[in-house]
Amino acid sequence: MICCILLLLTLTSCVCGTFVVNVTQSSYQAEENHNITLEWSFTAKTHTPSDSLIIFCQLITDLRASVLYHLHEGVESQDEQFSGRVQCDKDVLREGRIRLHVSRLRTEDSGLYECQVVTSDGRSSGKCHLKVSAAVDQPQPETPTVRPQPETWREIGLYVGLTVAAVSVILCPLLCCVLCHCLTKSADEKQRVDTASETSSLSKRSTIYDSNLSVPTSPS
Ligand SMILES: *[C@@H]1O[C@H](CO)[C@@H](O)[C@H](O)[C@H]1NC(C)=O
C-alpha cells in the first residue's frame with residue numbers, strides 16, 4: 001500500500017518535472033500607448049484536449065495583483081485594468097505557445113507577469129518583467145503640427161471677411177455719394193437743358209405769337 005502511494009507520488013512528480021512553462025524573454029520594455037506581445041511556452045502534447053487547458057496570467061505589483069488573462073474551459077476573462085486590451089493568439093496555443101497581445105499600454109501595467117499553465121500533463125509557471133515608460137514628448141509634437149492648420153485657415157477667413165466688411169462699409173457710402181452726385185448732376189444738367197429748351201421754345205412761341213398778333217393788326 002505504502003509502496004503504491006510512493007510510486008504514485010514519484011510518478012506525479014516525474015510528470016510535473018517534465019511539464020515546464022518557459023518565458024521567451026525575461027524582461028520587456030515599452031512606451032506608454034504602445035503595444036506589446038508577451039510570450040510563454042509550455043510542453044504541449046498533441047493529444048492534450050484544449051478544453052482541459054487552464055491558463056492563468058496575472059500582473060503582480062507591490063500594490064496588488066490583477067488578472068491579465070484567464071482561460072478556463074474555453075472561456076476567457078480578465079480584470080478591468082486589461083479589459084478590451086488583451087488578445088490571445090489561439091492558433092499557437094496548440095503548439096504550446098502563449099502569445100498575449102497587450103495594446104494601449106499604461107504605466108501602471110509595469111510589473112511582474114506570471115503565467116500558470118495547468119494541463120493533464122501537469123502544472124507550471126513562468127515569469128517575466130515589463131517596464132512601461134511614460135510617453136514624455138509624444139502627444140506634444142502632434143498638437144502644434146496638426147491643430148494650427150484649421151486655426152490659421154479660420155484666422156485667414158476671419159481677416160478676409162473683416163477686410164471685405166470694412167471695405168464695403170467704407171466703399172458703400174462713397175459709391176452712394178458718387179452715384180448720388182452723378183445723378184443729381186445729370187438731373188441738374190437735364191433740368192438746365194430742359195429749362196433752356198423750354199425758355200427758347202417759349203421765346204420762339206412768343207415771337208410766333210407776337211408775329212401772329214402783329215399779322216392781323218397790320219392789315220387793319
Ligand atoms: C524550456 O527551456 C529549457 C531550457 O532553456 C528548454 O530545454 C526547453 O526545451 C524549454 N521548453 C519549452 C516548452 O519551451
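Note that ligands are numbered from 1 as they come in the structure, with each ligand's atoms numbered from 1 the same way.
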Taking S103 for the side chain and N35 for the main chain, is one N or O donor matched with an acceptor at less than 3.5 Å?
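It does not hold such a pair.
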Donor-acceptor pair, distance only, cut-off 3.5 Å: does the side chain of R104 make one with the backbone of R85?
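Not a single qualifying donor-acceptor pair exists.
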Should the proximity of N22 to ligand 1, defined as any heavy atom under 4.0 Å, be assigned to the side chain, the backbone, both, or neither?
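It is the side chain that gets close, since no backbone atom is under 4.0 Å.
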For E39, give me all partners under salt bridge (charged side-chain N to carboxylate O under 4.0 Å, His left out), at least two apart in sequence or on another chain.
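With neighbours one apart ignored, the set is R97, R99.
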Salt bridge (charged side-chain N to carboxylate O under 4.0 Å, His left out) with E108: which residues, sequence neighbours excluded?
none
Give yes or no for whether the N/O distance cutoff of 3.5 Å, strictly under, is met between S41 and ligand 1.
yes
With the threshold set strictly below 4.0 angstrom, can you tell me whether any protein non-hydrogen atom sits that near atom 14 (O) of ligand 1?
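Yes.
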Please check atom 7 (O) of ligand 1 for a protein heavy-atom neighbour under 4.0 Å.
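No.
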CD of Q116: more than 12 outside heavy atoms within 6.0 angstrom?
yes
What atoms in ligand 1 come closer than 4.0 Å to a heavy atom of T43?
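So the atoms of ligand 1 that pass are 13 (C).
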